Structures are given as structure tokens and as C-alpha cells.
Amino acid sequence: MDRRIKKLENLDYWFTLSRVAALGSMNKAAEELNIDVSSVSNKIRVLEKALGYELLERQSHSSFLTAQGESVLKTIFPIVEDFTYTLTQLCQEDKETRQTIKVNVSNGLLELVIGWIKLFCQLYPDVDFELTDNKSEDLGHKFQPKAPR
């Protein structure tokens, strides 16, 4: 796997970027996430370095998405939001229930999403995934998430 993609796999980094974008400030995001501002900044920089362009326009007391940042977040955030929601549901539900999570993967993001799913399956081996692309093509043949127990 490409090293840059490996750096992009951390869902926490994407969630942090989304909070900065929503709140318009690294300071406010840091306060909400209960971490220091330098941690917020470092997470964003890792994403920017891996992508090769800036995601945020930084000003003295505010931060906002660049045009590329808006485009990337618009594509990635629904996936991050789905994973966050699913994690919340799994933590609240009976551990004996087996679930299938359906994920529609945008063009070009399959490798990244598969990396996230593999990490997820290590924590939750009793969850199945059904992947489709923009054309509703079943991508199950490209992904076998068997996690070690």
C-alpha cells in the first residue's frame, strides 16, 4: 500500500479536520475534542502532507477550508460520519448481534476505505461489510476483511 494512503487512514485525523471546518477555528476544535491545539494542527498537517496540498487556510484567529479542502471533506466526511455512527451503535448494542454495514465507495477511494475497514474489523470482527461503488457494483470480490481473532 502507498505510504501516503497509510497516513490518510486515520479516521481521527479526518474527524478533527471536519470539526475545525465546522467550528472555523483550531482552538475551538481543540477545546471541543479535549486535546491541545498543536495536536489539532499536527493531524491536519499529516493529511496535507500526504495529499500534497493545503486543506485549510490559516489566519490568526480562524481557519477555513481551501477549495481543495472543501472538495476532499465533501467526499470523505460522509464515510467518516457513517463509521462514527456505526461505532456508536456497536458500543450500545448487544455484542451477540452480527451486523452488515453497507458502504458506497466513491471512485478512487476504494483502497483507502478498505484500509479503514480492515482496521475496523480488527476491533469488531463480528461485523460484515458490503461495498458498492457509484454504479452500485458489488465490490465484495475485491475485499475479504477476515480479521485475526
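Note that the structure is a prediction, hence the values are computed from the model and not measured.
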Looking at E81 and R19, does any basic side-chain N land under 4.0 Å from a carboxylate oxygen? no
Closest contact, heavy atoms only, [X] versus [Y]:
| X | Y | answer |
| --- | --- | --- |
| T75 | I79 | O-CD1, 4.1 Å |
| L17 | I44 | CA-CD1, 3.5 Å |
| L73 | A21 | CD2-CB, 3.8 Å |
| L47 | Y13 | CD1-O, 3.6 Å |

When the ring centroid of F120 is compared with that of F129, is the distance short of 6.0 Å? yes
Are more than 12 heavy atoms from other residues, nucleotides or ligands located less than 6.0 Å from atom [atom1] of [X]?
| X | atom1 | value |
| --- | --- | --- |
| Y53 | OH | yes |
| E70 | CD | yes |
| R58 | CZ | yes |

To the closest 0.5 Å, what do you measure between CE (M26) and OG (S39)? 11.5 Å
For the OG atom of S62 and the CD atom of Q59, what is their distance to the nearest 0.5 Å? 4.0 Å
Quick one: does [X]'s side chain get under 4.5 Å of [Y]'s, heavy atoms only?
| X | Y | value |
| --- | --- | --- |
| K43 | D12 | yes |
| F15 | N10 | no |
| V72 | L55 | yes |

Whether the side chain of [X] engages the backbone of [Y] through a donor-acceptor N/O pair (distance < 3.5 Å, no angle test) should be reported.
| X | Y | result |
| --- | --- | --- |
| S41 | V37 | no |
| E48 | L56 | yes |
| S71 | A67 | no |

Cluster question for you: counting only ILVMFWY and a side-chain heavy-atom cut-off of under 4.5 Å, with indirect links fine, are I76 and F64 together? no
Determine, using the 4.5 Å side-chain heavy-atom cutoff (strictly less than), whether L23 and W14 are members of one ILVMFWY cluster. no
Given N42 and V46, is the side-chain contact (heavy atoms from CB on, under 4.5 Å) satisfied, shown in steps? CA-CA 6 Å; N42 289 336; V46 167; 5.5 Å; no
Mind running side chain to side chain donor-acceptor pair (under 3.5 Å) on N27 and S25 for me, showing each step along the way? CA-CA 5 Å; N27 288 330; S25 163; 4.6 Å; no
